[in-house]
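What follows is a set of notes on a single structure, which appears directly below.
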Amino acid sequence: MSERTINASWVLSGAQAAALANQSMAIDGGKIASIERGPGEINGDGALVMPALANAHDHARVARLSQVGSYDVPLEAWLPYLTLIPAVDPYLASAVSFGRTARGGVGAVMAHYTRVQGLTDFPTEAKVVAKAARDVGIRMALAVHCRDLNPLVYDPHEALLAELSPAACECVARRFLRKPLSPADQVAMVETVAAEVEGDGVTVQYGPAGVQWCTDAMLRLIGEASARTGRRVHMHLLETKYQRAWADRTFPQGIVHYLDEIGLLNERMSFAHCIYLRPDEMELLAERGATIVVNTSSNLIVSSGIAPVAEFVKRGCRVAMGLDGLAFDEDEDALREMRLAYALHKASGFDIRLARDELMRFATSNGRFAITGEADAGIVSGAAADFLLLDWKALSAELIEPEVPPLDVLLAKARQQHIKGLFVGGREVVRDGKVTGVDLPMLEAELLETMRAAYPSTADVRAAMPELKSALRKHYTGAFYCG
Ligand SMILES: [Zn+2]
């Protein structure tokens, strides 16, 4: 006797398979026990079942851009704006972030934890973050942030500081130029945290911020530790043209060859963005089995560019979807993110550049692999019961032609409002659009109130921001980056 049976109008079982009509799916022990033709005819009342979406690059962020006045700022100037978000209780922050992630259709998330709230020691904070993920019920990889280089710009920052008034300079130095822990201490911290929080849906990865933000010593240590322990690694790579210019100046052998030399180009790796990757680098990355995580909305919003997804796919790269805390409508809707990525990358005229099966892998199994290290079997008997139930009645309400393939309807219009349910390991994480494990509306209200109350604590950095922004603009449009 199974724990639960779901009657579906349609099942999109995974990357390769066609849609199956009128299926009955039994769930038992966290897995799909069986899936077979259902008893009745197709009707509009059932669900459209598909694998849960995976968000393979995120930061468990709590504030949307427009909330702190940082919408439409290029990445290099936007990063300092993150200090305008006051530190808050890490459970509150994480529970809201993961709750919104689940509500948006995501069953597994990469939390590249670049914003440490810092109200306690980090292992204590990490435990609380893990608890929030478990309370919400999604699978979470905590990529522990490692960073020890270039706190302000991808270069020595003395010239930039000299541009600022004494007051702004003092604030920027105090806020951004703290001495980092040694590479050995940062790497040891990852293992300490892993020993304390892994299990029950939570894993830990190394999370070096990016090559331009980590010393060679740090990256080599992570490469060695990952080879020794098998721990996965997640990092940013070539997100902007300025990062590309820095990389070309810094690594005559090429940044991707450098990563290969130091043990950071293999199946355990996932790289966020990769917008400025060159064709030979894509080929090497594909050969080594690393994953590229494309963040379409983020790339558009912080003016980083458009990732060459068709080129990635053509060269056999494993490509996954990320929201990077910057969903297009500031609503963490992963169904819309999937649609946006598809619309932007699918085709040029009759030349198909992102096939439907590749899109499904992009939005589900490839990301899940980057997060959990496990291959995903989709909606089949014996697979983990991680799936979405979409409201087929609402989605199909306006159909004139009754036989329109459900994937067409899904890609044309599905949004998080159509999510009737999200199941992860057989647990009902979202029911009728509501997160079951935490009171998300209450937590969101509490978070907003907390951030508004704490906002005056950021007055110093807010006052310095116009000067810093203009100095950053001058830096990245100046001699280091031209020609
Ligand atoms: Zn990111």
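Whatever order the structure lists ligands and atoms in, that order sets their numbers, starting from 1. Keep in mind that this is a model prediction, so the values were computed, not measured. Residues: numbered from 1 along the sequence shown.
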Classify the ring geometry of Phe251 against Trp246: parallel below 30°, tilted from 30° to 60°, perpendicular beyond 60°. perpendicular
May I have the list of side-chain donor-acceptor pairs in residues 135-149 shorter than 3.5 Å, sequence neighbours left out?
{"residue": "Asp135", "atom": "OD1", "partner": "Lys131", "partner atom": "NZ", "Å": "3.4"}
{"residue": "Asp135", "atom": "OD2", "partner": "Tyr91", "partner atom": "OH", "Å": "2.5"}
{"residue": "Asp135", "atom": "OD2", "partner": "Lys131", "partner atom": "NZ", "Å": "2.8"}
{"residue": "Arg139", "atom": "NE", "partner": "Asp386", "partner atom": "OD2", "Å": "2.7"}
{"residue": "Arg139", "atom": "NH2", "partner": "Asp386", "partner atom": "OD1", "Å": "2.9"}
{"residue": "Arg139", "atom": "NH2", "partner": "Asp386", "partner atom": "OD2", "Å": "3.2"}
{"residue": "Arg147", "atom": "NH2", "partner": "Asn150", "partner atom": "O", "Å": "2.9"}
{"residue": "Arg147", "atom": "NH2", "partner": "Pro151", "partner atom": "O", "Å": "3.3"}
{"residue": "Asp148", "atom": "OD1", "partner": "Thr215", "partner atom": "N", "Å": "2.7"}
{"residue": "Asp148", "atom": "OD1", "partner": "Thr215", "partner atom": "OG1", "Å": "3.3"}
{"residue": "Asp148", "atom": "OD2", "partner": "Thr215", "partner atom": "OG1", "Å": "2.6"}

Identify every side-chain donor-acceptor pair in residues 217-224 under 3.5 Å, counting partners at least two apart or on other chains, and give the distances.
{"residue": "Arg220", "atom": "NE", "partner": "Asp216", "partner atom": "OD1", "Å": "3.0"}
{"residue": "Arg220", "atom": "NE", "partner": "Asp216", "partner atom": "OD2", "Å": "2.9"}

ring-ring contact (aromatic ring centres under 6.0 Å, His included) between His234 and His236, worked out: CA-CA 7 Å; His234 181 66; His236 295 101; 7.0 Å; no
Please list, one pair per line, the donor and acceptor atoms closer than 3.5 Å that link side chains of residues 449-457 to other protein atoms, with sequence neighbours excluded.
{"residue": "Thr450", "atom": "OG1", "partner": "Glu446", "partner atom": "O", "Å": "2.6"}
{"residue": "Ser457", "atom": "OG", "partner": "Ala454", "partner atom": "O", "Å": "2.6"}

Near the Zn ion (ligand 1) (under 2.8 Å) - protein N, O or S atoms: His57 NE2, His59 NE2, His236 NE2, Asp324 OD1
Ion pair present between Glu332 and Arg64, side-chain N to carboxylate O less than 4.0 angstrom? yes
